[in-house]
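Reading through the structure tokens given below for one structure.
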Amino acid sequence: MMACLPSVSSRRTPPLFVDIWEGVRSRPGRFGLSLFAMSIGMAVLTTLIALLVGLESRSQQLSSQLGTNVIAILPKAQADRKFLLTTHAQLLRENYPGSKVSGVRHTTATTSGTDRSLSVVAVEESFFAIRQWPIIAGRFFDQSDLQNRKRYAVVTQALLRDWQWGVGDTILLKNTPFLIIGVVGSEDSALGGEYGDSRLITGETAIFVPITVASHWDDSADGSEPIDALYVRPPSHVPASQVLPGLQNLLTQPDLHLQALSWIIPASLIRNVKQMQGTVGLTVGAIAVLCLVLGGTTLTSLLVANVRERIAEIGLRRAMGATERDIALLFIAEGCAATVTAGVLGSLSIHLIIVQELALLSRFPFELGIHTLLLPIAFSVVLGALFSCWPAMSAARICPAEALRAE
Amino acid sequence: MKPILEFRGVSRSYESGSGTQTVLRDVNISIFAGEFSAITGPSGSGKSTFLNLCALLDEPTTGEIYFDDVPTSGLSEALLCNLRKNAVGMVFQQYCLLPYRTVLENVLFRFRYLDMDSAETRKLARNALAMVGLEGFEDRSTHQLSGGEMQRVGIARAIALKPRLLVADEPTGNLDSAAAAQVMRCLQQLGEQGDIAILLVTHDESLLKYTSRHLSFNDGLLTECE
Ligand SMILES: Nc1ncnc2c1ncn2[C@@H]1O[C@H](COP(=O)(O)OP(=O)(O)OP(=O)(O)O)[C@@H](O)[C@H]1O
Ligand SMILES: [Mg+2]
């Protein structure tokens with residue numbers, strides 16, 4: 001007896017693009033309005049994601065470039081720069097025998113055959129172990145080099161490439177010959193700018209010389225010489241944050257006259273970034289949420305109006321055999337079409353703006369990528385479904401016989 | 001012969017603020033293949049309500065509707081939708097055509113919720129248009145049609161997939177007598193094929209000459225007229 005009833009087909013007919021396009025086309029103004037509001041929300045959301053991801057990778061960069069467990073001590077930016085002395089480094093070394101300590105002094109020098117001035121960084125032998133840069137050729141200084149005040153130089157890879165120097169070459173710095181004994185791969189550009197301190201940067205093109213040589217070769221004094229910064233690396237099992245208070249006590253003793261110091265550890269750099277992340281997340285996030293809620297409610301009201309106007313069409317579809325689910329899907333698909341279009345528009349326009357105006361916006365570490373494309377679009381699908389859910393349900397619940405009365 | 005559709009003790013009432021309004025009372029009738037029935041009656045007597053029940057778009061308050069001897073109250077929504085799209089065709093007073101589609105696309109809309117090969121559906125749609133005398137109108141936009149032509153598109157859509165039951169609620173209500181006659185001849189030819197039952201609601205007694213059976217509603221009560 002049931003044989004004459006057609007069996008339920010398991011395949012669903014998805015709402016066709018034609019159906020969606022017709023819905024859009026019949027009310028272009030309304031659709032445009034909600035598209036506009038949504039697009040702005042999506043653009044702000046893309047910016048937010050680009051910024052948060054950018055800040056996250058900046059914080060990783062910062063800690064990896066300073067070294068994971070390093071304390072940098074600098075005079076406060078406004079203070080007289082040359083009041084940290086090599087004797088202070090000595091003081092730390094005596095009090096913290098397990099830690100590596102190095103003073104650093106920055107100067108510039110010209111070399112023969114060019115008037116380009118080079119950044120010369122006078123360091124102690126422990127400096128490379130503290131910053132943990134890889135040695136690419138030759139070797140670093142050792143203790144005897146420093147004791148014997150050897151006129152040795154370690155250069156960065158970039159310099160080597162630019163000047164075609166090699167290990168074993170002799171270069172003239174302020175007319176004094178230095179023998180290149182090693183090449184180091186240094187990278188610390190992220191340490192400058194908003195979150196670090198530009199004095200932490202030695203740069204990609206620097207020449208490192210022993211600090212003891214520098215004292216004779218530069219304006220010499222009595223062995224208690226000014227330095228620009230101090231680096232301390234505690235033993236690997238002791239976190240920098242744990243050593244920090246002791247160091248601070250030691251160096252802020254009144255008789256040392258060293259109050260105005262900046263203490264920089266990876267954690268404090270990252271804290272700066274995290275603070276920024278929090279601020280950005282809150283402000284930009286609030287704007288994004290506001291725009292999206294605004295866009296979403298516009299979309300909902302658009303769809304509610306559509307449902308009301310299209311009751312006869314709903315009746316026709318039901319008469320043609322559409323199930324409640326088919327009707328709900330139709331309106332959800334229309335909602336998603338609006339939000340996904342907005343997601344693509346918003347995200348693409350932000351990509352364009354950021355790529356075009358990168359120089360202008362470089363204060364902020366935007367990071368574009370697959371995440372800034374796919375996340376907003378994925379999010380827009382969810383939003384579309386969310387905001388069209390209610391109108392779609394109400395459309396599905398309309399009784400077909402009543403709908404046809406509206407014909 | 002088994003009826004396609006059978007009403008047993010069907011009534012339909014609506015709850016409203018002022019109480020219960022009974023629109024159909026104890027309707028008992030069998031509809032057979034090959035019948036072309038006209039349904040008449042005053043406005044508000046329950047004709048459309050009856051037709052919606054026949055098209056399985058509504059459910060009776062009491063009583064049972066049998067489709068091919070199967071009680072429809074026991075069918076799931078999915079099965080009802082399936083019956084509707086496979087076995088029932090509907091024609092509407094306001095034609096109910098989709099404004100942004102061509103004539104052919106409107107007829108193809110019959111297959112919107114069916115899984116059928118598109119070459120096949122195109123063939124069926126063209127055949128249906130030929131049957132209502134609208135060959136060559138395929139690519140016309142629907143606003144370029146007269147009322148009679150629009151209604152014939154509506155009929156073509158209803159019969160593109162041959163239904164077992166065709167219900168038409170005042171299909172000639174908006175047409176002049178010439179156009180109405182054309183539409184009625186279309187339906188009559190269809191009914192003459194023998195395997196399809198047609199239910200037609202009309203206010204126009206002059207159309208009774210096309211039909212083979214006459215049912216009349218009065219205040220929710222169905223009477224068979226000879
Ligand atoms: N959803 C509903 N709720 C309450 N009453 C309804 C509803 N639908 C129909 N009715 C009532 O049922 C009665 C019968 O309506 P129906 O549409 O079947 O009449 P009809 O015979 O088709 O009239 P007409 O010739 O004017 O189309 C009417 O009085 C109408 O007001
Ligand atoms: Mg009616």
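Throughout, protein chains are lettered first and strands after them, A, B, ... in sequence-line order, and every chain is numbered starting at 1.
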Salt-bridge criterion met for B:R112 and A:D326 (N-O under 4.0 Å): no
In terms of side-chain heavy atoms, does B:R84 have a donor or acceptor partner in A:T323 at a distance below 3.5 Å? no
Shortest non-hydrogen pair, A:A312 vs B:C96, comes out as O-SG, 4.1 Å
So which residue, A:G315, A:P400, A:A319, A:A322, ends up with the most heavy-atom pairs under 4.5 Å with chain B?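 The residue among A:G315, A:P400, A:A319, A:A322 with the greatest pair count is A:A322.
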By side chain to side chain contact (heavy atoms under 4.5 Å, CB included) - contacts of A:S57 (at least two apart):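 By the side chain to side chain contact (heavy atoms under 4.5 Å, CB included) rule, A:S57 matches A:E367.
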Neighbour count above 12 (heavy atom, 6.0 Å) for [X] [atom1]:
{"X": "B:E59", "atom1": "CD", "answer": "no"}
{"X": "A:F36", "atom1": "CZ", "answer": "no"}
{"X": "B:R101", "atom1": "CZ", "answer": "yes"}

Would you mind telling me which of B:M90, B:E77, B:R110, B:E105 has the largest number of heavy-atom pairs within less than 4.5 Å of chain A? B:E77
Between A:M320 and B:R157, is there a side-chain heavy-atom distance shorter than 4.5 Å? yes
Do A:L404 and B:Q94 have side chains that approach each other closer than 4.5 Å (heavy atoms only, starting at C-beta)? no
If I measure from the heavy atoms of chain A, does B:L98 come under 4.5 Å with its side chain, its backbone, both, or neither? side chain
Working to the nearest 0.5 Å, report the span between CG of A:D19 and CZ of B:F109. 6.0 Å
